[in-house]
Amino acid sequence: MDRLADPGNTINLIKKYGFTFQKRFGQNFLIDAHVLDRIMDEADINGEDHVLEIGPGIGSMTQYLCERAGKVTAVEIDRELIPILKESLKDYDNVAIINDDILKTDIAGLIEEYGGGRKTKVVANLPYYITTPIIMSLLENHAPVSSITVMVQKEVAMRMQAGPGSKDYGALSLSTQYYSKPEIVANVPPNCFIPRPKVGSAVIRLDIYDEPPVRTKDERLMFKLIRAAFNQRRKTLVNSVANAGELGNSAYGKL
Ligand code: SAM
């Protein structure tokens, strides 16, 4: 079967539908078969799996997922891409394409409906403008997910994986590592995408713990304190924590 990720096929499909890339949706489509094979291997997809793909684009990664997984559910916000996906994935009967915003989707409900409630693997080339909110929402809401294998900005991947003492260590590292074991499994240069992003990318796999490695009575309070402490690094810890009440829930640093 022809690979959608082949650069020539991607360009032909885009031209055929008169599709224009939307910067606001973080659209950088993968055009490198080796990278896609690598993501499939690292995500360890097999015929029993239900996979949730966030942002299928024209279906380049979805095609690989359909060939390896039992069932694929793909949520795409851009309705201009839906007719393209219907054509590009027409040969696969194990995929459901949903036109929705993942940040507004009831993910547990979606997994129940399309994956029969079984623990799901999330695999995606994430839109960079909402990488952190998507990942944190999956983790904090305890979505029924066993692993998350995603392409993100390299800088974000490094912050998720960083340990104490590193300059990248911060609230995002602690939150990610409370819920999961992160591992950067590949670095990916800009020429593997159309259009090329301005920054380097990395694939990170988060293996989600059944039980967090430390026990806490109040997760919300713990994260509020962590964010307060790292948000105001230059103040003393006492002052930062004293200000915690004024801080919202949002901050994981710059992204
Ligand atoms: N998976 C495709 C690939 O690798 O070629 C496309 C990846 S592209 C980086 C990100 C995709 O996420 C785009 O198709 C974009 O339209 C979609 N997207 C952006 N924001 C989204 C959201 N809030 N919910 C669902 N999809 C979104």
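Note that the numbering runs from 1 along the sequence shown for the chain. For ligands, and for the atoms within them, numbers begin at 1 and follow the listed sequence. Please read all numbers here as calculations on a predicted model, not as lab measurements.
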Quick note, side-chain hydrogen bond (donor to acceptor under 3.5 Å, both in side chains) partners involving residues 21-31, not counting sequence neighbours, are Q22-R24, Q27-D78

Between R38 and D32 (salt bridge meaning N to carboxylate O under 4.0 Å), is one present in this structure?
no

Ligand 1 N/O to protein N/O, distances under 3.5 Å:
residue  : atom   : partner : partner atom : Å
ligand 1 : 1 (N)  : E53     : OE2          : 3.3
ligand 1 : 1 (N)  : G55     : O            : 2.8
ligand 1 : 4 (O)  : N125    : ND2          : 3.0
ligand 1 : 5 (O)  : L30     : N            : 2.9
ligand 1 : 14 (O) : G57     : N            : 3.3
ligand 1 : 14 (O) : E76     : OE1          : 2.7
ligand 1 : 16 (O) : Q27     : NE2          : 2.9
ligand 1 : 16 (O) : E76     : OE2          : 2.6
ligand 1 : 20 (N) : Y129    : OH           : 3.0
ligand 1 : 23 (N) : D101    : OD1          : 2.8
ligand 1 : 24 (N) : I102    : N            : 2.9
ligand 1 : 26 (N) : I77     : N            : 3.3

Within residues 50-61 or reaching into it, pairs that qualify as side-chain hydrogen bond (donor to acceptor under 3.5 Å, both in side chains) - sequence neighbours excluded:
H50-T73, H50-T120, E53-T62

So side-chain hydrogen bond (donor to acceptor under 3.5 Å, both in side chains) across residues 184-201, not counting sequence neighbours, yields Y128-S201

Is any NZ, NE, NH1 or NH2 atom of the basic residue among K86 and E76 found under 4.0 Å from an Asp or Glu carboxylate oxygen of the other?
no

Are any side-chain N or O atoms of D49 and backbone N or O atoms of N46, one a donor and one an acceptor, separated by less than 3.5 Å?
yes

